[in-house]
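I have placed the structure first, in the form of structure tokens, so that the comments after it can refer back to it.
Bear in mind the structure is a predicted one, so any value in this text is a computation, not a measurement. Scope of the values below: all heavy atoms of this structure, side chains included, with no hydrogens, waters or symmetry mates.
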Amino acid sequence: MSGQERVRAVLESSLAQRAVILVIVVNAVTIGCETSAYLMERAGGLLHAIDRIALAVFTAELAARLYAYRGKFFTDPWNWFDSIIVAVALIPASGPTSVLRALRILRALRLVSAVPSMRRVVGALLAAVPGMASIIGLLVLMIYIAAVIATKLFGDIVPERFDELPRSLFTLFQIMTGDDWGNVAQEVMEEKPWAWIFFIVYILMSTFVALNLFIAVVVNAMNDVDPAEADPRTELESVKQELAAVNAKLDQLLMREWPPELRSRVDR
């Protein structure tokens, strides 16, 4: 076995994958702890040391994957994803680039590429993007139409919320999220009691219908995504077990056809 194959075997082993996941989780926790002045005052040096060790592990693991897979490394989108995260972490977090220090928490996103179940979920979401884009377009159209109507009907009554189209768009987006929509409706209904019809219809169309459409598209995409490929070694073991079971059954059938004296010799 060549050195490249040995490195690949190590990277694909369950032990190495679990170790990387553990480092990702520990690093995410330490980065969160660095936001506490109390913890930084008492264990700041330890937290920084763990952060540097984790970054070194990520860099070494990425370099090992590049060595093991060579050209195939660049054909996997998840390798590009990991490379960008590690590259951002390697940029010096001082001077003009000090803002990038806060982006170190993006390393926690490596859990997405390290855990197969998370990769399947992300793949399903990406597969649902075309359908979601259509729903978003429909939702934007509904909000725009409702904003124009609300500006014409309620602009003079509640100018701080509906005097112009941009303000009406923001107010209706706020109502769609369920934030304080009751107070907005009450302000309008003090002058126009029938305004509840507009708000109820808008909430039903924008919130409940659109939300259910989003869920339906995502669930349908997740059902269409192929399950993750099984480990070849696991498949080989299962095939061996099935072949052994078939051979045992064939031996039993053949022995039934043998003469009694021949079967007694085989039993001996």
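- Around atom NZ of K152, no more than 12 heavy atoms belonging to other residues, nucleotides or ligands sit under 6.0 Å away.
- The aromatic ring centroids of F154 and F198 lie less than 6.0 Å from each other.
- Donor-acceptor pairing under 3.5 Å is lacking for the side chains of N79 and D82.
- To the nearest 0.5 Å, the span separating OG on S36 from CG on L47 amounts to 9.0 Å.
- Residues C33 and M40 come closest through the heavy atom pair O-CG, 4.4 Å.
- Crowding of W78 atom CH2: a count of heavy atoms from other residues, nucleotides or ligands under 6.0 Å exceeding 12.
- Using a 4.5 Å heavy-atom threshold, the side chains of L165 and Y144 count as touching.
- Shown here for E191 and I157, the closest heavy-atom pair between the two residues is CG-CG2, 3.4 Å.
- Aromatic pair W196/F199: ring centres not closer than 6.0 Å.
- Of all the heavy atoms in S168 and A147, the pair that sits closest is CB-O, 3.8 Å.
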Q | Test log, rule side chain to side chain contact (heavy atoms under 4.5 Å, CB included), inputs V184 and R161 | A | CA-CA 8 Å; V184 177; R161 296 186 184 273; 3.4 Å; yes
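- L39 and I31 sit in two unconnected hydrophobic clusters of ILVMFWY residues. Membership requires side-chain heavy atoms under 4.5 Å apart, directly or through other members.
- A distance-only check finds no donor-acceptor pair linking the side chain of W181 to the backbone of M176 [under 3.5 Å].
- The line from CG of N183 to CD of Q186 is 7.5 Å long, rounded to the nearest 0.5 Å.
- Between R8 and E12, none of the side-chain N atoms (NZ, or NE/NH1/NH2) sits under 4.0 Å from a carboxylate O, so this pair counts as no salt bridge.
- Rounding to the nearest 0.5 angstrom, the gap separating the CG atom in L62 from the CG atom in L11 is 10.0 Å.
- There is a path of hydrophobic side-chain contacts, each under 4.5 Å, that joins V201 to F173.
- Here the straight-line distance linking atom OG1 of T30 with atom CG of N27 works out to 4.5 Å at 0.5 Å rounding.
- Clustering ILVMFWY residues whenever any of their side-chain heavy atoms sit less than 4.5 angstrom apart, transitively, puts I145 in the very cluster that holds L139.
- Taking 4.5 Å as the limit, some side-chain heavy atom of T171 sits within range of a side-chain heavy atom of F162.
- Cluster annotation: F170 is not connected to L141 through the hydrophobic network of ILVMFWY side chains, with a link wherever side-chain heavy atoms come within less than 4.5 Å.
- When the shell of 6.0 Å around CG of D180 is examined, it contains more than 12 heavy atoms from other residues, nucleotides or ligands.
- Residue-environment remark: CG (L15) stays at or below the threshold of 12 foreign heavy atoms within 6.0 Å.
- Cluster annotation: V25 is connected to V86 through the hydrophobic network of ILVMFWY side chains, with a link wherever side-chain heavy atoms come within less than 4.5 Å.
- When all heavy atoms are compared, the tightest approach of E187 to V158 is OE1-CG1, 3.4 Å.
- If you take CG on L169 and CD on Q174, they are separated by 13.0 Å, rounding to the nearest 0.5 Å.
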Q: Start with the C-alpha distance between F58 and I24, add both sets of side-chain angles, then the distance that settles side chain to side chain contact (heavy atoms under 4.5 Å, CB included), and finish with yes or no.
A: CA-CA 9 Å; F58 294 151; I24 295 171; 3.6 Å; yes
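- Hydrophobic cluster of L22: the remaining members, joined at side-chain heavy-atom separations below 4.5 Å, are V26, L46, I50, listed by chain and number.
- Between the CZ atom in R18 and the OG atom in S14 there is a gap of 4.5 Å [rounded to 0.5 Å].
- Here the side chains of Q4 and V7 are not in contact, with every heavy-atom distance at 4.5 Å or above.
- Here the side chain of K72 pairs no donor or acceptor atom with the backbone of L66 at under 3.5 angstrom.
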